[in-house]
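For reference, the structure is listed below as structure tokens.
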Number of protein chains: 2
Amino acid sequence: MTVSKAAGKSAGATRARRDAADAPPEALQLGELSEHLGFVLKRAQLRVFENFLRCVASLQLTPAQFSVLLLVEKNPGRNQTEIASTLGILRPNFVAMLDNLESRDLCARIRSTNDRRSHILVLTDKGKAVLTRAKKLVASKHEARLNDVLGTANREALIAMLSKIANEF
Amino acid sequence: MTVSKAAGKSAGATRARRDAADAPPEALQLGELSEHLGFVLKRAQLRVFENFLRCVASLQLTPAQFSVLLLVEKNPGRNQTEIASTLGILRPNFVAMLDNLESRDLCARIRSTNDRRSHILVLTDKGKAVLTRAKKLVASKHEARLNDVLGTANREALIAMLSKIANEF
DNA sequence: GTTATTTGATATGGTCAATAACAATTATCA
DNA sequence: TGATAATTGTTATTGACCATATCAAATAAC
């Protein structure tokens, strides 16, 4: 990674390595790339998810799992199809996710008495407690970091723009 | 997906379906979720990638492939390790990607005369032509759509904030 | 000149996303 | 009512990505 020769810049004509006096290899130029929305968006998203995982590492929650717990808390009495589709998760892929949360006693499936095909989702007491702790960690460590980097006003503007893109693009 | 009963809202006590006169089932409340950076960021990114794929569908380029072509064009004479690591792609995973681009005659691997371990990457003539067409499609269809949704000033502010997050978070 | 490092490549496993299909249950309607 | 269609949760399966270990060839370092 550090031995490449900058085009036409090396002192020796056919030399594979730099002399001690040579300049370090130049960093690659991103060029246009850094102006493309998709590129910066993807990179920012990866960083934010990394940071989220670190912030709630003590609770072993992924962003997706956190979203499920939040949505179930906010919408008690809904079934798997409703919760999954709201999060953009396909029903088949939601099964293993719920198996995980249920095996950790964070969430429970309850057969609906109205429609015995469906499973009503609820948070367990442990699930509520974990979610409360997770919210505190996310607010104090994760979202607070965003305020440090951007400032509160910019933070709100960013969220608004991203929501607009998610809804209107 | 449309038969669930809102908690305590249904007229009939143990009825599984709505009467024709019943209100439509309420949409789920996102609540806090829509204020969480990771959530809106991920959703925006998925929409943007979808839109990108549609805009350059005629050229059969993914965002990742477009990034590779752009970076190779901007940095002629670099090897696989350098291009891949700059894009955050691991070297093993970059091999198949290059196999694809090379099989389509968009990109070529050339054994370096300086260091015969490494492959210098260059765009073929066809690769240059495809990239030129891709840039035009992306500018006129994809990035232009962002301007329509946000306005030019906000677009630039958004890119700046996302870059800051990608670099400083 | 022997050993360590680097480059591209292969093999492999893990996590997600997407589709088809199935049993149980419920909806539709002749 | 009874036959048919649709829905719910589930399984199986596939492909796209991401990550680690390892290898042969070439080079670096001592």
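Just so you know, these numbers use all the heavy atoms, side chains as well, and skip hydrogens, waters and symmetry mates. Everything numeric in this text was worked out from a predicted model, so none of it was measured. To find a chain, count down the sequence lines: A is the first, B the second, and so on, and within it residues start at 1.
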Starting from [atom2] on [N], measure out to [atom1] on [X] and report it in whole angstrom.
X        : N      : atom1 : atom2 : result
B:Arg117 : C:dT5  : CZ    : C1'   : 7 Å
B:Glu50  : C:dA17 : CD    : P     : 13 Å
B:Glu102 : C:dG8  : CD    : C1'   : 12 Å
B:Arg111 : C:dG8  : CZ    : C1'   : 8 Å
B:Ile89  : D:dA16 : CD1   : P     : 16 Å
A:Asn100 : D:dT10 : CG    : P     : 14 Å
B:Ile110 : C:dG8  : CD1   : C1'   : 16 Å
A:Leu90  : C:dA20 : CG    : C1'   : 13 Å

Where do N or O atoms of nucleotides 9-11 of chain C meet protein N or O atoms at under 3.5 Å, pair by pair?
| from | atom 1 | to | atom 2 | distance (Å) |
| --- | --- | --- | --- | --- |
| C:dA9 | OP1 | B:Arg109 | NH1 | 3.3 |
| C:dA9 | OP2 | B:Gln80 | OE1 | 3.1 |
| C:dA9 | OP2 | B:Gln80 | NE2 | 2.9 |
| C:dA9 | OP2 | B:Arg109 | NH1 | 2.7 |

Next on the checklist: Whether the side chain of A:Arg116 and the base of C:dT25 hold a donor-acceptor pair under 3.5 Å is what I'd like checked.
Outcome noted: no

Checklist entry - Are A:Leu59 and A:Val138 in one and the same hydrophobic cluster, where Ile, Leu, Val, Met, Phe, Trp and Tyr link if side-chain heavy atoms are under 4.5 Å apart? => result yes

Checklist entry - On DNA chain C, nearest-nucleotide positions of B:Ile120 versus B:Leu46: which is more 5'? => result B:Ile120

Item to check | Spatial distance of atom CD (B:Glu156) from atom CG (B:Asn147) [nearest 0.5 Å] | outcome: 8.5 Å

Item to check | Nearest-neighbour nucleotide for the A:Thr81 side chain, D:dA26, D:dG9, C:dT26 considered | outcome: D:dG9

Checklist entry - Around B:Arg111, counting heavy atoms of other residues, nucleotides and ligands shown, do more than 12 lie under 6.0 Å from its CZ? => result yes

Next on the checklist: Is there a side chain to side chain donor-acceptor pair (under 3.5 Å) between A:Asn79 and A:His119? Walk through the geometry before answering.
Outcome noted: CA-CA 5 Å; A:Asn79 65 25; A:His119 287 165; over 6 Å; no

Checklist entry - Thinking salt bridges, do A:Lys135 and A:Glu73 make one under a 4.0 Å N-O criterion? => result yes

Next on the checklist: Under 3.5 Å, is there a donor on one side chain and an acceptor on the other for B:Gln80 and B:Arg109?
Outcome noted: yes

Next on the checklist: Is it the case that the ring center of A:Phe39 lies less than 6.0 angstrom away from the ring center of B:Phe66?
Outcome noted: no

